[in-house]
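Whatever order the structure lists ligands and atoms in, that order sets their numbers, starting from 1.
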Amino acid sequence: MSNRTFTMVKPDATGKGYTGAIIDQIIKGGFSIKAMKWTKLTKEQAGEFYAVHKERGFYAELVEFMSSGPIVAAILEKDNAVADFRKLIGATNPANAEEGTIRKNFAASIGENAVHGSDSDENAAIEGNFFFSFLERF
Ligand code: ATP
Ligand code: MG
């Protein structure tokens, strides 16, 4: 069990002005920020980041959406980070997300669901390395 996970505030949420409120909920949830940047993915970068979903019907829509506006990428630290962060963000589909979770509070649909959270320690490390050099984290 590692103590780090990776997140993005997705383009729907940055576009609606929810970035500050989402980061506030993450910090109040007990996570500390080890790296953070405001950036925008190209289609190629979004496609590479979500390559694991290449065969899924929603892949083209996902790549289009994730490159449609700015995102905030961050590496977060907390005991049991991956599992606890998935709990804080709630189910992929906000309609099924528990009350008080970030997706329940800020997401509009299963596609445009406000935040990303790594699904394993291994992917948290891969995803953090995708965005941040070792000079950009501590
Ligand atoms: P994420 O990886 O972004 O944290 P997740 O792990 O909850 O989300 P995944 O199954 O990994 O869910 O799907 C990745 C992303 O693809 C979802 O967050 C969502 O933006 C999009 N997605 C998933 N299922 C659908 C769907 N049925 N229709 C449209 N988009 C979808
Ligand atoms: Mg996922």
Side-chain angles (χ1 to χ4, degrees):
M1 170 181 102
S2 119
N3 61 355
R4 289 195 173 196
T5 190
F6 171 82
T7 188
M8 281 186 280
V9 180
K10 295 186 179 184
D12 58 320
T14 62
K16 289 173 183 163
Y18 294 155
T19 306
I22 289 172
I23 292 168
D24 187 55
Q25 188 168 349
I26 291 170
I27 292 169
K28 286 184 175 140
F31 292 83
S32 60
I33 294 167
K34 294 291 154 182
M36 178 169 275
K37 68 173 71 166
W38 175 274
T39 187
K40 186 169 183 282
L41 293 169
T42 64
K43 273 193 197 179
E44 290 68 30
Q45 289 165 335
E48 188 185 341
F49 185 88
Y50 279 111
V52 47
H53 295 306
K54 215 180 306 188
E55 308 305 326
R56 311 285 289 277
F58 57 80
Y59 180 68
E61 183 189 331
L62 175 61
V63 168
E64 195 64 43
F65 164 59
M66 288 303 298
S67 57
S68 68
I71 58 109
V72 177
I75 295 173
L76 304 173
E77 188 170 270
K78 183 185 185 297
D79 287 347
N80 200 31
V82 167
D84 284 3
F85 192 71
R86 300 281 299 191
K87 199 184 269 181
L88 181 71
I89 68 178
T92 308
N93 186 345
N96 303 327
E98 273 185 53
E99 216 52 56
T101 59
I102 291 176
R103 282 170 169 162
K104 187 69 169 189
N105 290 344
F106 300 106
S109 68
I110 189 169
E112 306 205 350
N113 60 4
V115 280
H116 165 80
S118 303
D119 59 13
S120 66
D121 290 345
E122 189 194 357
N123 285 335
I126 292 169
E127 291 168 1
N129 292 340
F130 185 91
F131 279 92
F132 298 102
S133 77
F134 283 88
L135 289 172
E136 295 174 305
R137 62 179 85 178
F138 65 94

Discussion item. Could you identify the single nearest non-hydrogen protein atom to atom 20 (O) of ligand 1 and state the distance to 0.1 Å?
Written reply: Gly111 O, 2.9 Å
Worksheet item: If you take all heavy atoms of Lys16 and Ala108, which pair is closest and at what distance?
Response: NZ-CB, 3.7 Å
Worksheet item: So which protein heavy atom does atom 17 (C) of ligand 1 come closest to, and at what separation?
Response: Asn113 ND2, 3.6 Å
Practice prompt. Select one of side chain, backbone, both or neither to describe which atoms of Arg103 lie under 4.0 Å from any atom of ligand 1, heavy atoms only.
Written response: side chain
Worksheet item: For ligand 1, is any non-hydrogen atom under 4.0 Å from Arg56's backbone (N, CA, C, O), its side chain (CB onward), both, or neither?
Response: neither
Worksheet item: Nearest protein heavy atom to atom 29 (C) of ligand 1, by residue and atom, and its distance?
Response: Phe58 CB, 3.6 Å
Discussion item. To check your reading of the model: name the closest protein heavy atom to atom 9 (P) of ligand 1, its residue, and the distance in Å.
Written reply: His53 NE2, 3.6 Å
Worksheet item: Are Arg137 and Phe134 in a cation-pi setup, meaning NZ or CZ lies under 6.0 angstrom from the ring centre and within 45 degrees of the ring axis?
Response: yes
Discussion item. Gly117 versus ligand 1: do any nitrogen or oxygen atoms come within less than 3.5 Å of each other?
Written reply: yes
Worksheet entry | Subset of ligand 1 atoms that lie under 4.0 Å from at least one heavy atom of Lys10 | 3 (O), 17 (C), 18 (O), 20 (O)
Worksheet item: Side chain or backbone of Thr92 under 4.0 Å from ligand 1, or both, or neither, by non-hydrogen atoms?
Response: both
Worksheet item: Do any N or O atoms from the side chain of Ser67 and from the backbone of Val63 form a donor-acceptor pair under 3.5 angstrom?
Response: yes
Discussion item. Just to confirm my output: which protein heavy-atom neighbour is closest to atom 6 (O) of ligand 1, and how far is it?
Written reply: Arg86 NH1, 2.8 Å
Worksheet entry | Nearest non-hydrogen protein atom, atom 15 (C) of ligand 1 | Leu62 CD1, 3.9 Å
Worksheet item: For atom 1 (P) of ligand 1, which protein heavy atom lies nearest, and how many Å away is it?
Response: His116 ND1, 3.1 Å
Fill in: Test log, rule salt bridge (charged side-chain N to carboxylate O under 4.0 Å, His left out), inputs Glu64 and Lys43
CA-CA 7 Å; Glu64 195 64 43; Lys43 273 193 197 179; 3.2 Å; yes
Worksheet item: Which residue, Phe130, Phe49, Phe85, forms the ring-ring contact (aromatic ring centres under 6.0 Å, His included) with His116?
Response: Phe49
Between side-chain atoms of residues 21-31 and protein atoms elsewhere (two or more places apart, or another chain), which donor-acceptor pairs fall under 3.5 Å?
unit_1 : atom_1 : unit_2 : atom_2 : d
Asp24  : OD1    : Lys28  : NZ     : 3.4
Asp24  : OD2    : Lys28  : NZ     : 2.7
Gln25  : OE1    : Asn105 : ND2    : 3.2
Gln25  : NE2    : Gly100 : O      : 2.9

Item to complete: Measure Glu112 to ligand 1 on non-hydrogen atoms and call it side chain, backbone, both or neither using the 4.0 Å cut-off.
Response: neither
Response to the item:
Exactly one candidate in Thr5, Asn3, Asp84 meets side chain to side chain donor-acceptor pair (under 3.5 Å) with Lys78; the answer is Asp84
Practice prompt. May I have the step-by-step check of side-chain contact (heavy atoms from CB on, under 4.5 Å) for Met66 and Ile71, ending in yes or no?
Written response: CA-CA 8 Å; Met66 288 303 298; Ile71 58 109; 4.2 Å; yes
Practice prompt. Please work out whether any backbone atom (N, CA, C, O) or any side-chain heavy atom from C-beta onward of Tyr50 is under 4.0 Å from ligand 1, and answer side chain, backbone, both or neither.
Written response: side chain
Worksheet item: Are the charged groups of Lys37 and Glu136 less than 4.0 angstrom apart, N to O?
Response: yes
Worksheet entry | Residue, atom name and distance, where the atom is the protein heavy atom closest to atom 19 (C) of ligand 1 | Ile110 O, 3.2 Å
Discussion item. Once you restrict to heavy atoms under 4.0 Å, what part of Met8 touches ligand 1? Side chain, backbone, both or neither.
Written reply: neither
Practice prompt. To the nearest 0.5 angstrom, please state how far the CD1 atom of Ile33 sits from the CD atom of Glu77.
Written response: 12.0 Å
